[in-house]
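As a basis for the values below, the full set of heavy atoms in this structure was taken, side chains included, without hydrogen atoms, waters or symmetry mates. Letters go in sequence order (proteins before strands), and every chain restarts at 1.
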Amino acid sequence: MSPRFGIGDSVRIRQADPPGHVRTPYFIRGKTGEVIRLLGDVANPEELAYGRDGKPALPLYRVKFIQTELWGDYTGEAKDTAVVEVMENWLDPLDGEAG
Amino acid sequence: MSGGDWPYPHPRQPDIEDGPLTHYMAMTEAVSELLIDKGIISAGEMRRMLEVIDSKSPAEGARMVARAWLDPDFKARMMENVNAAAREMDIDAGGIPILAVENTKDVHNVIVCTLCSCYPRHLIGLPPDWYKSRAYRSRTVREPRAVLAKFGTIIPGDVEVQVHDSTAVLRYLVLPLRPEGSEGMDEDALSALVTRDSMIGVTTVTIEKE
């Protein structure tokens, strides 16, 4: 599956709360980040956890966030960041941009 | 030995079996016994696997860091693919891809797995209990500088702290900054300076041991 996003793209993590095995942490849901690395296609762990084959494999990305945007009362420095691996099914383009 | 010979009361220590048997301890025993009973693995193979895992230490990760400090081409290959670079040194980094993140004068990296306890075991051994604790897993992503301070590590305000949460397929290894005063040291000497904690990112590498 060809990746929808490239390095440097701004993405928003879906604000969703599906049941079952999910690896997208709550603290990034609904937040905006920047794609910094493409990790290729991986079988979907949300499906693998239930004995299914996880196909189709989905592109996986490293997404970088600004900490002060993740935590309202972040006590570190304004330049601090967090990087999380996120699967494409959890990513939307930023509003108004083509995906 | 009679009680009168002992100068102080010796507290009775409980045996392992006196501690709690949790659900998952029982499950582990049951699955292990089934695997052996059904001939899928042998008891000897189980013993050998545990021995291999227990024998892993930070030494191989430290050797890779030392070589990266000395050899820019090796470092470039390591930044591109840690597992392949490890094979150059006859090190088995395991089947799970490991990504090296490099500390610079502008960025200090620290690793956490908020979901569980993902860790580059094949290169640096078993994770310490604190790495697996809920306190570390929840606080490091939330207030990394405060957590680093608990380890005695203060990162200057003009240096970015970047937290890596291993939520999916990768494991992470911090490539620490080469310490000042290490000029002229060879790979073995440099390797001895690199600690497990510096490859997790809760500390930096220095010449002096505190």
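- Contacts of Phe65(A) with chain B are absent, with no heavy-atom separation under 4.5 Å from either backbone or side chain.
- Two residues are said to be in side-chain contact when any heavy atoms from C-beta on lie closer than 4.5 Å; Pro144(B) and Tyr74(A) meet this criterion.
- Between Asp73(A) and Arg142(B) the shortest side-chain heavy-atom distance falls below 4.5 Å.
- When each of Lys64(A), Gln67(A), Met87(A) is checked for heavy-atom pairs under 4.5 Å with chain B, Gln67(A) comes out on top.
- Residue Asp54(B) places its CG atom among more than 12 non-hydrogen atoms of other residues, nucleotides or ligands, all under 6.0 Å distant.
- For Pro45(A), no part lies near chain B; criterion is any non-hydrogen pair under 4.5 Å.
- The CD atom of Glu85(A) lies 8.5 Å from the SG atom of Cys118(B); values are rounded to the nearest 0.5 Å.
- Environment of CD in Glu187(B): crowded, with over 12 heavy atoms of neighbouring residues, nucleotides or ligands closer than 6.0 Å.
- Between the side chain of Trp71(A) and the backbone N or O of Val141(B) there is at least one donor-acceptor pair closer than 3.5 Å.
- A salt bridge between Arg145(B) and Asp80(A) is present, with a side-chain N of the basic residue lying under 4.0 Å from a carboxylate O of the acidic one.
- With a 4.5 angstrom heavy-atom cutoff, Val84(A) touches chain B via backbone and side-chain atoms both.
- Heavy-atom neighbours of chain A within the stretch residues 154-182 of chain B, taken at a separation under 4.5 angstrom, comprise Gly157(B), Asp158(B), Val159(B), Glu160(B), Val161(B), Gln162(B), Val163(B), His164(B), Asp165(B), Ser166(B), Thr167(B), Ala168(B), Val169(B), Leu170(B), Tyr172(B).
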